[in-house]
Amino acid sequence: MPELPEAETIVRGLRRSVVGRRIRRVEVMHPDVLRAPLRAFARAARSRTVEDVGRRGKNVLLFLSEDGVLAVNLGMTGRLLPFTGVPRGNERPTHPVVRFLFDDGGMLVFEDQRRFGTVEVLDTAGWAARDARMGPEPLGPAFTADVLARALGGSRSPVRSWLLDQRRIAGIGNIYAVEALHRAGIHPLRRSRELDAGEARRLHGAIRSVLRAAIRHGGTTIRDYRNVDGGEGEYRSLLRVYGREGEPCPRCGTPVARAVLSNRSAYFCPACQPAPERI
DNA sequence: AGTGTATCCTGCAGGC
DNA sequence: TGCCTGCAGGATACAC
């Protein structure tokens with residue numbers, strides 16, 4: 001679920017609410033989301049203070065005192081919900097997975113219905129190694145049209161698959177890959193290296209503008225995504241093709257089509273995004 | 001190198 | 001009402 005704009009929205013919310021709070025105790029309801037043994041995880045998180053909150057790709061990062069990085073990948077249905085006290089009634093998370101209890105009596109709850117998410121604590125060096133395996137931040141200064149064009153040039157894979165590969169570019173998931181390709185007028189099945197310079201430039205611009213617009217609207221809620229206040233993202237109504245098979249393309253009116261690629265739906269306009277010669 | 005497939009897990013919508 | 005299938009915003013391992 002959450003892609004870069006949703007993770008960014010969560011990060012901005014957490015920055016207001018958890019910085020400066022100290023973790024007193026960690027409770028793990030479902031150890032399967034951990035990438036380390038339970039005891040090691042609890043030891044690494046306990047008695048540390050949240051000093052800052054950041055994001056890398058789709059990962060939410062809590063920088064902890066004493067050289068710790070708490071990295072949360074939200075998977076499909078993960079949420080991070082901060083509370084000033086003990087949650088009651090209908091504010092109580094329905095699928096709590098990990099609870100971080102703070103000194104002040106409040107807590108941060110990671111809940112995740114499907115438990116595809118992961119939670120781990122690394123040291124700075126461990127995080128740096130992970131970071132190095134990820135592609136550039138699409139909204140960062142290093143991600144230029146030339147950088148994108150060159151990176152695409154080496155790959156034979158369909159451009160939609162390329163965009164989902166976090167080692168190539170960090171933070172893009174199926175919704176925004178599909179939306180960016182529509183804005184750029186590029187068919188999802190086009191081979192990456194066959195895009196010309198103009199197409200790469202359009203794709204670069206489309207990626208940045210769609211991600212920025214989604215952040216401005218607090219991300220996209222299809223079903224499960226919630227921000228730190230439990231609220232929904234408002235970008236869904238602005239999606240042009242994602243989840244809109246059969247509806248008219250907002251640019252030309254042609255019915256939106258759907259193709260399955262690597263077992264995942266790719267939506268596109270057959271008129272605005274011409275199919276490659278050979279599929 | 002890249003792709004299809006399966007896997008982790010839960011819940012919902014739709015067809016019958 | 002129940003049962004079945006397919007589908008879902010992610011990531012990874014495997015065989016080919």
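Naming convention: chains lettered A, B, ... in sequence-line order (proteins, then strands); numbering from 1 in each chain.
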Engineer: Should A:Glu247 and A:Arg244 count as an ion pair when the cut-off is N to O under 4.0 Å?
Structural biologist: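 A:Arg244 and A:Glu247: salt-bridged.
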Engineer: Does the A:Ser155 side chain pair with the main chain of A:Ala151, one donor and one acceptor, at a distance under 3.5 Å?
Structural biologist: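 Answer holds: no.
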Engineer: Identify, with sequence neighbours excluded, every residue that meets side chain to side chain contact (heavy atoms under 4.5 Å, CB included) alongside A:Arg201.
Structural biologist: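 For A:Arg201, the residues satisfying side chain to side chain contact (heavy atoms under 4.5 Å, CB included) (neighbours in sequence not counted) are A:Ala145, A:Ala197.
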Engineer: Donor-acceptor pair, A:Asp229 side chain versus A:Gly231 backbone, under 3.5 Å?
Structural biologist: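 Flag not set: sc A:Asp229 to bb A:Gly231 has no pair under 3.5 Å.
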Engineer: Give me, pair by pair, the N or O atoms of the protein and of nucleotides 5-7 of chain C that are less than 3.5 Å apart, along with how far apart they are.
Structural biologist:
none

Engineer: Just how far, in rounded Å, is C1' of C:dG9 from CD of A:Glu232?
Structural biologist: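 My rounded result for the distance is 14 Å.
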Engineer: Tell me, yes or no, whether the heavy-atom count around A:Arg15 atom CZ, taken from other residues, nucleotides or ligands under 6.0 Å, exceeds 12.
Structural biologist: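 Result for CZ/A:Arg15: enclosed.
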Engineer: Could you tell me the separation between the CG atom of A:Asn174 and the P atom of C:dG9, rounded to a whole number of Å?
Structural biologist: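 Going from CG in A:Asn174 over to P in C:dG9 covers 5 Å.
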Engineer: Given the P atoms of B:dT5 and C:dG6, what is the spacing between them in whole Å?
Structural biologist: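 After rounding to an integer number of Å, I get 14 Å for this pair.
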Engineer: Given Watson-Crick or G-U pairs with both distances under 3.5 Å, what dot-bracket string fits DNA chain B, with | for other-strand pairs and [ ] for crossing?
Structural biologist: .|||||||.|||||||
Engineer: So which pairs with a foot in residues 253-266 of chain A pass salt bridge (charged side-chain N to carboxylate O under 4.0 Å, His left out), sequence neighbours left out?
Structural biologist: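 Counting only pairs at least two positions apart or across chains, the salt bridge (charged side-chain N to carboxylate O under 4.0 Å, His left out) contacts touching residues 253-266 of chain A are A:Glu245-A:Arg258.
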Engineer: Closer than 4.0 Å, any side-chain N/O of A:Tyr242 to the OP1 or OP2 of C:dG9?
Structural biologist: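 Yes, within the criterion.
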Engineer: Going by salt bridge (charged side-chain N to carboxylate O under 4.0 Å, His left out), name the pairs with one or both residues in residues 107-122 of chain A, residues two or more places apart or in two chains.
Structural biologist: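 Sorted result for residues 107-122 of chain A: A:Asp32-A:Arg115, A:Arg35-A:Glu120, A:Arg79-A:Glu111, A:Glu120-A:Arg130.
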Engineer: Has A:Asn73 got a side-chain N or O lying under 4.0 Å from the OP1 or OP2 atom of C:dA11?
Structural biologist: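 The answer is yes; a side-chain N or O of A:Asn73 sits under 4.0 Å from OP1 or OP2.
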Engineer: Any chance you could pull the hydrophobic cluster mates of A:Phe268, using side-chain heavy atoms under 4.5 angstrom and chaining through other members?
Structural biologist: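 None, because no other hydrophobic side chain comes under 4.5 Å of this residue.
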Engineer: Please collect all salt bridge (charged side-chain N to carboxylate O under 4.0 Å, His left out) contacts where either partner lies in residues 179-190 of chain A, sequence neighbours excluded, each pair once.
Structural biologist: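 Sorted pair list: A:Arg190-A:Glu199.
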Engineer: Sticking with atom P, work out how far B:dA6 lies from C:dT5, rounded to a whole angstrom.
Structural biologist: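 Result for the P pair: 15 Å, nearest Å.
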Engineer: Suppose you measure atom C1' in C:dC4 against the same atom in B:dC8; what distance do you get, rounded to whole Å?
Structural biologist: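 22 Å, rounded to whole Å.
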Engineer: Considering only atom P, compute the distance from B:dG2 to C:dG9 and round it to an integer number of Å.
Structural biologist: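 Per the computed distance, 23 Å lies between those P atoms.
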Engineer: What residues form a side chain to side chain contact (heavy atoms under 4.5 Å, CB included) with A:Ala214, not counting sequence neighbours?
Structural biologist: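 Testing A:Ala214 for side chain to side chain contact (heavy atoms under 4.5 Å, CB included), a comparison that skips the adjacent residues, returns A:Pro5, A:Tyr176, A:Tyr235.
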Engineer: Whole angstrom is fine here: how far is it from CG in A:Leu4 over to P in C:dG10?
Structural biologist: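 For the pair A:Leu4 CG and C:dG10 P, the rounded distance is 12 Å.
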Engineer: Please list all pairs meeting salt bridge (charged side-chain N to carboxylate O under 4.0 Å, His left out) that have one or both residues in residues 92-105 of chain A, counting only residues at least two apart or in different chains.
Structural biologist: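 Pairs touching residues 92-105 of chain A that pass the test: A:Arg21-A:Asp104, A:Arg22-A:Asp103, A:Glu27-A:Arg99.
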Engineer: Counting only non-hydrogen atoms, which of residues 108-126 of chain A are less than 4.0 Å from DNA chain B?
Structural biologist: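 A:Gln113, A:Arg114, A:Arg115, A:Phe116, in order of number.
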Engineer: Rounded to whole angstrom units, what separation is found between the CG atom of A:Leu164 and the C1' atom of C:dG9?
Structural biologist: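 The answer, rounded to whole Å, is 10 Å.
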Engineer: In whole angstroms, how far is the P atom of C:dA11 from the CD atom of A:Glu3?
Structural biologist: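 Between P of C:dA11 and CD of A:Glu3: 9 Å.
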Engineer: With respect to the phosphate group of C:dG9, does any side-chain polar atom (N or O) of A:Arg236 fall under 4.0 Å of OP1 or OP2?
Structural biologist: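 No, outside the criterion.
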Engineer: With side-chain contact (heavy atoms from CB on, under 4.5 Å) as the test, pick out the partner of A:Phe63 among A:Thr124, A:Asp52, A:Val50.
Structural biologist: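 Result for side-chain contact (heavy atoms from CB on, under 4.5 Å) with A:Phe63: A:Asp52.
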Engineer: Between C:dG9 atom P and A:Ile172 atom CD1, what is the distance in whole Å?
Structural biologist: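 Going from A:Ile172 (CD1) to C:dG9 (P), I get 15 Å.
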Engineer: Kindly state each residue pair satisfying ring-ring contact (aromatic ring centres under 6.0 Å, His included) with at least one member in residues 89-147 of chain A, sequence neighbours excluded.
Structural biologist: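 Matches after skipping sequence neighbours: A:Phe143-A:His204.
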Engineer: In whole Å, measure the gap between the C1' atoms of C:dG2 and B:dC9 for me.
Structural biologist: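 Roughly 23 Å separates the two C1' atoms.
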Engineer: Rounding to a whole Å, what distance do you find between A:Arg264:CZ and C:dA8:P?
Structural biologist: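 One finds 8 Å between P of C:dA8 and CZ of A:Arg264, rounded.
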Engineer: Could you check whether any side-chain heavy atom of A:Leu239 comes within less than 4.5 Å of a side-chain heavy atom of A:Arg236, counting everything from C-beta outward?
Structural biologist: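 Of all side-chain heavy-atom pairs linking A:Arg236 with A:Leu239, at least one is under 4.5 Å.
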Engineer: Set out, line by line, the N/O atom pairs under 3.5 Å between protein and nucleotides 1-5 of chain B.
Structural biologist:
from  : atom 1 : to       : atom 2 : distance (Å)
B:dG2 : OP1    : A:Ser155 : OG     : 3.1
B:dG2 : OP1    : A:Arg156 : N      : 2.9
B:dG2 : OP2    : A:Arg168 : NH2    : 2.9
B:dT3 : OP1    : A:Pro158 : N      : 3.3

Engineer: Quick one: is C:dG9 close enough that its OP1 or OP2 comes under 4.0 Å of any side-chain N or O from A:Lys58?
Structural biologist: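 For A:Lys58, the contact criterion (side-chain N or O under 4.0 Å from OP1 or OP2 of C:dG9) is not met.
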Engineer: Pick from A:Thr220, A:Ile215, A:Asn227: which one makes a side-chain contact (heavy atoms from CB on, under 4.5 Å) with A:Glu6?
Structural biologist: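 So the option named by the test is A:Thr220.
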Engineer: Could you state the CG-C1' distance from A:Leu238 to C:dG9, rounded to the nearest angstrom?
Structural biologist: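 Nearest whole value for this atom pair: 17 Å.
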